[in-house]
Q: 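I am attaching a structure below and will ask some questions about it afterwards.
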Amino acid sequence: MQKSITSFFKKQ
Amino acid sequence: MFEARLGQATILKKILDAIKDLLNEATFDCSDSGIQLQAMDNSHVSLVSLTLRSDGFDKFRCDRNLSMGMNLGSMAKILKCANNEDNVTMKAQDNADTVTIMFESANQEKVSDYEMKLMNLDQEHLGIPETDFSCVVRMPAMEFARICRDLAQFSESVVICCTKEGVKFSASGDVGTANIKLAQTGSVDKEEEAVIIEMQEPVTLTFACRYLNAFTKATPLSTQVQLSMCADVPLVVEYAIKDLGHIRYYLAPKIED
């Protein structure tokens with residue numbers, strides 16, 4: 001399964 | 001007033017080539033320290049982070065912080081009009097809705113300028129946490145590009161396994177299995193040909209070939225590429241841009257379903 005980058009880096 | 005000048009248009013062309021497959025548009029954030037760009041690809045799997053330091057430009061002036069949203073397809077059309085050796089200058093007024101890109105031939109006999117409309121893009125800056133990576137691999141950028149291209153024939157995914165002995169890239173699909181192992185180089189005459197591994201602990205991660213191949217569009221910018229890996233965090237693929245900055249790509253790993 002491909003994870004999203006937003007599941008690691010949070011919006012500022 | 002913003003003004004940034006580079007001695008050779010070829011660098012800007014290479015930078016654009018390195019990002020335009022992943023991004024349709026992006027915001028260039030300009031400040032007196034330089035130009036920064038951070039953007040996710042459309043599917044939010046990868047993140048591009050570009051840093052160009054002001055001291056790397058032939059001339060750099062930025063009186064007020066400025067965010068310039070640009071359509072990268074439009075920018076590519078404009079850069080196609082430059083010769084590689086031309087000087088290139090980007091200029092914008094404070095609060096402007098256009099940017100001017102000017103090319104000057106080395107002998108100053110041909111000067112062309114292109115005004116491009118700027119876009120208002122939704123800014124979604126992500127905070128990138130500091131990470132102590134388990135493995136950092138430095139290797140020739142051309143070799144990494146070759147491996148990604150070759151393995152993409154066999155699978156949509158590449159498994160990267162790094163130990164202190166070396167780094168192994170594997171792909172497995174209908175055709176069969178492909179494994180490419182690179183050992184850490186003992187001694188090399190040329191630094192750019194070295195494979196260097198700094199390992200705290202071994203790591204094995206799976207990534208989508210499609211994105212790795214998109215990142216290798218930055219190969220013309222740098223002789224070496226650096227891969228930083230840690231379990232369950234995004235891979236960082238970094239290309240230095242000599243005397244100017246760097247481009248980093250972050251790619252979320254694939255996990256078992």
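The figures that follow rest on heavy atoms only: side chains count, while hydrogens, waters and symmetry mates do not. Order of the sequence lines fixes the chain letters, A, B, ..., with proteins taken first and strands second; residue numbering starts at 1 for each chain.
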Q: Any side-chain heavy-atom pair from A:K11 and B:L126 closer than 4.5 angstrom?
A: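 Side chain of A:K11 against side chain of B:L126, heavy atoms only: contact under 4.5 Å found.
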
Q: Using atom types as modelled and distance alone, determine if a side-chain donor or acceptor of A:Q2 lies under 3.5 Å from a backbone N or O of B:F207.
A: no

Q: If you take all heavy atoms of B:P234 and A:F9, which pair is closest and at what distance?
A: CG-CZ, 3.8 Å

Q: Is atom CG of B:N120 surrounded by more than 12 heavy atoms (other residues, nucleotides or ligands) closer than 6.0 Å?
A: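 Not more than 12 within 6.0 Å, no.
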
Q: Is B:D232 atom CG crowded by more than 12 heavy atoms from other residues, nucleotides or ligands, each under 6.0 Å away?
A: no

Q: Can A:I5 and B:V45 be said to form a side chain to side chain contact (heavy atoms under 4.5 Å, CB included), step by step?
A: CA-CA 5 Å; A:I5 200 81; B:V45 170; 6.0 Å; no

Q: Side chain, backbone, both or neither: which part of B:D41 has a heavy atom under 4.5 Å from chain A?
A: neither

Q: Test B:I255 against A:K3 for side chain to side chain contact (heavy atoms under 4.5 Å, CB included), laying out the working first.
A: CA-CA 7 Å; B:I255 54 166; A:K3 296 203 88 172; 3.9 Å; yes

Q: Main chain of B:H44, side chain of A:S4: is a donor-acceptor contact present, judged purely on distance under 3.5 Å?
A: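 Present.
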
Q: With a 4.5 Å limit on heavy-atom distance, are the side chains of B:M40 and A:T6 in contact?
A: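 Sidechains of A:T6 and B:M40: in contact.
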
Q: Hey, what do you get for CZ (A:F8) to CG (B:L47), rounding to the nearest 0.5 Å?
A: 12.5 Å

Q: Should we count CD of B:E156 as having more than 12 external heavy atoms under 6.0 Å?
A: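 At most 12 heavy atoms, drawn from other residues, nucleotides or ligands, come within 6.0 Å of this atom.
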
